[in-house]
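Encoded as structure tokens, the structure appears first; notes follow it.
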2 protein chains.
Amino acid sequence: MNSPGSTKERILGAAELLFAQRGFDGASLRQLTAAAGVNLAAVNYHFGSKEKLIEQVFRRRLDALNAQRLAALAKLADDSNRTLEDVLAAYIRPALELSHEGNGALFMRVLARAFAEHDDTLRQFLSENYGHVMRQFTAEFARLLPQLSKEELYWRIDLVTGALTHAMSGFGMIQRKRDVSEETHREQTAQHLIRFAVAGLSHP
Amino acid sequence: MNSPGSTKERILGAAELLFAQRGFDGASLRQLTAAAGVNLAAVNYHFGSKEKLIEQVFRRRLDALNAQRLAALAKLADDSNRTLEDVLAAYIRPALELSHEGNGALFMRVLARAFAEHDDTLRQFLSENYGHVMRQFTAEFARLLPQLSKEELYWRIDLVTGALTHAMSGFGMIQRKRDVSEETHREQTAQHLIRFAVAGLSHP
DNA sequence: GTCTATATAAAGATAGAC
DNA sequence: GTCTATCTTTATATAGAC
């Protein structure tokens with residue numbers, strides 16, 4: 001790992017912010033290095049190219065996020081009474097925690113952009129590196145919803161994924177009311193998302 | 001309106017394709033005019049700027065689409081027994097029809113990009129020109145779901161919107177099976193989306 | 001590891017001939 | 001309304017001094 005204030009880390013932080021705000025094409029290396037307070041040449045020195053930098057922006061967050069999701073799912077494997085709520089919580093809560101720490105909310109916007117981009121290179125990178133996570137959760141959904149055909153299940157998972165991605169990309173703007181604690185607010189959000197996902201997956 | 005093969009119309013068609021594939025920043029005026037088979041200078045002559053061209057790409061589809069949605073909603077106003085399904089169908093079916101005609105599916109991808117962009121200029125343009133549509137539908141949802149608090153309703157509408165936008169942006173890739181007619185396939189898709197939306201909005 | 005300077009390509013936009 | 005030619009800015013990337 002990199003030390004917190006290192007050049008590499010500052011570039012990654014600035015990249016996350018500017019990619020969230022202006023997109024991968026919209027944010028130039030000039031804006032990016034200026035925001036990070038480093039030299040223009042530093043990106044190519046440390047990452048090789050803009051493309052590689054983009055991959056590292058994803059890796060920095062997704063490695064930990066998906067490890068947490070799989071750990072939460074593994075924990076449930078012991079419990080033979082695990083419910084759809086439990087499995088969805090294992091998927092949603094780590095992302096929700098990330099979106100409330102530091103610039104995690106910005107990253108969720110970057111992720112939502114990646115979804116909308118339909119860019120083949122990026123999709124392949126995400127699929128190769130993190131595809132196994134979705135596959136494990138899908139298997140678990142199939143187990144808990146045996147009445148659904150394969151096609152029906154895929155439809156619902158796709159719709160739920162779209163809903164969650166969209167919602168989490170907006171977290172930078174959701175205003176927590178002053179009389180609600182940070183903890184309570186996060187818990188309410190989790191409940192909204194989980195209940196919606198349960199309804200979307202399991203309706204008759 | 002423009003004649004179908006006019007320079008203006010060909011630019012709009014090429015822009016829709018390239019914006020869907022590469023985004024607003026990713027698609028350059030050079031690529032765009034080359035694809036349209038027109039001169040580079042034609043964009044600035046006919047539209048004034050790239051920004052104005054982007055607005056026209058939206059107008060060309062959204063004017064008709066949202067008019068159809070409101071017309072379908074108005075038709076329901078007579079029926080005092082109208083259901084949530086009816087209202088959702090009024091919102092979803094016109095978009096679904098658009099996405100199956102000509103390059104309509106490409107436009108749905110452009111629209112999904114616009115959602116993910118979080119670009120203030122674009123959001124303001126869409127809100128100013130088409131915000132009244134969402135407001136009318138929201139009022140209708142509130143009437144049909146009186147048990148939900150305002151906050152709860154907004155959450156659910158936001159999640160459903162994300163799901164539908166995501167789903168419709170993928171229509172270019174959904175493979176219709178050979179033994180299913182185009183008509184049947186579209187009807188099945190409509191049913192998937194409407195049932196999902198009903199469940200997401202009205203779960204207890 | 002960081003800097004300046006620069007190479008090279010491509011962007012949006014416009015002027016002026018036809 | 002369409003063309004060529006060009007202006008100006010900005011992009012990614014790299015070479016070579018420190």
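A note on names: the letters A, B, ... follow the listed sequences, proteins ahead of strands, and every chain is numbered from 1. This structure is a prediction, so every number in the text was calculated from the model and none was measured.
Here the P atom of nucleotide D:dA11 and the CZ atom of A:F24 are 17 Å apart, to the nearest Å. Here the P atom of nucleotide C:dA13 and the CG atom of B:L32 are 12 Å apart, to the nearest Å. To the nearest angstrom, C1' of D:dA13 lies 9 Å from CG of A:L29. The interatomic distance linking A:Q31 (CD) with C:dA11 (C1') rounds to 14 Å, in whole Å. Rounded to a whole Å, the CG atom of A:D25 is 13 Å from the C1' atom of C:dA10. Separating the CG atom of A:L53 from the P atom of D:dA13 is a distance of 10 Å, rounded to the nearest angstrom.
Comparing A:R30 and B:R30, the nucleotide of DNA chain D nearest to each residue sits closer to the 5' end for B:R30.
For B:R60 and B:E16, the salt-bridge test passes: some basic side-chain N is under 4.0 Å from an acidic carboxylate O. Salt bridge annotation for B:E97-B:R93: absent, with no cationic side-chain nitrogen under 4.0 angstrom from a carboxylate oxygen. By the 4.0 Å N-to-carboxylate-O rule, B:R156 lies close enough to B:E152 to be salt-bridged with it. B:E140 and B:R82 are joined by a salt bridge, as a carboxylate oxygen and a charged side-chain nitrogen come within less than 4.0 angstrom of each other.
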Practice prompt. Please test A:F171 against A:L96 for side chain to side chain contact (heavy atoms under 4.5 Å, CB included), starting from the C-alpha separation and ending with a verdict.
Written response: CA-CA 9 Å; A:F171 284 167; A:L96 211 52; 3.2 Å; yes
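Taking side-chain N and O atoms only, B:T7 has no distance below 4.0 Å to OP1 or OP2 of D:dG1. In this model, the phosphate group of D:dA11 is approached by a side-chain N or O of A:S28 to a distance below 4.0 Å at OP1 or OP2.
Only B:L40, B:A41, B:N44, B:S49, B:K50, listed by number, bring a heavy atom of residues 39-50 of chain B to less than 4.0 angstrom from any atom of DNA chain C.
With no hydrogens or angles considered, a side-chain donor-acceptor pair links B:T83 and B:D86 at under 3.5 Å.
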